Amino acid sequence: MLNQTYKVLILFIILLTPTVSINARDISNEQRNAYKARQEYNQNKSEYESLLVQISEQERYLAQQQEKLDQLNAEKVRAKEKLEQSKQRLDAEVKALNRAWESRDQ
């Protein structure tokens, strides 16, 4: 009877051995797949975070450039006003000069 129990136990071990080997192989494959997925995730996360930094820097740069453009537009308005005033003064001075020449010629 004891001999029969050993035979059944040995048969049971023999039948389970391929399953354990298959499971070990499956675990090894899954570990490798998980490792590759982790590497891909880390790389994509790094690229994403890099883009976030670049976007933030670009937004800051655009805000600075927009501020500079607003200042230049304000200066343009002031410069145009000064130009128009100086044009009016020039026209007035030229008319005065022409009148002076005309009165001298008469």
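Being a predicted model, the structure only gives us computed values, none of them experimental.
- Note that the CG atom of Leu83 and the CG atom of Leu90 stand 10.5 Å from one another [nearest 0.5 Å].
- The CG atom of Asp26 sits 10.5 Å away from the CG atom of Asn33 when rounded to the nearest 0.5 Å.
- In this model, a donor atom of one side chain and an acceptor atom of the other lie less than 3.5 Å apart for Gln43 and Glu47.
- Two residues are said to be in side-chain contact when any heavy atoms from C-beta on lie closer than 4.5 Å; Leu72 and Lys76 fail this criterion.
- For the atom pair CD (Glu49) and CG (Asn44), the distance works out to 11.0 Å, reported to the nearest 0.5 Å.
- One finds no salt bridge joining Asp91 and Lys95 here, because no Lys/Arg side-chain nitrogen approaches an Asp/Glu carboxylate oxygen to under 4.0 Å.
- For residues 55-72, there are no salt bridge (charged side-chain N to carboxylate O under 4.0 Å, His left out) pairs, not counting sequence neighbours.
- When atom types are taken as modelled, the side chain of Ser103 and the backbone of Arg99 share a donor-acceptor pair closer than 3.5 angstrom.
- Residue Arg38 holds its CZ atom at 8.5 Å from NZ of Lys45, rounded to the nearest 0.5 Å.
- Side-chain N/O atoms of Gln39 and Tyr35 include a donor and acceptor closer than 3.5 Å.
- Side chain of Ser46 to main chain of Asn42: no donor-acceptor pair is present (N/O by atom type, distance under 3.5 Å, no hydrogens or angles).
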Inset, instruction - Determine, step by step, whether Gln85 and Arg89 satisfy the side chain to side chain contact (heavy atoms under 4.5 Å, CB included) criterion, reporting the C-alpha distance in whole Å, the side-chain angles of both residues, the deciding distance to 0.1 Å, and the verdict. - result: CA-CA 6 Å; Gln85 290 171 357; Arg89 182 170 173 239; over 6 Å; no
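- For the atom pair CD1 (Ile27) and CZ (Arg32), the distance works out to 12.5 Å, reported to the nearest 0.5 Å.
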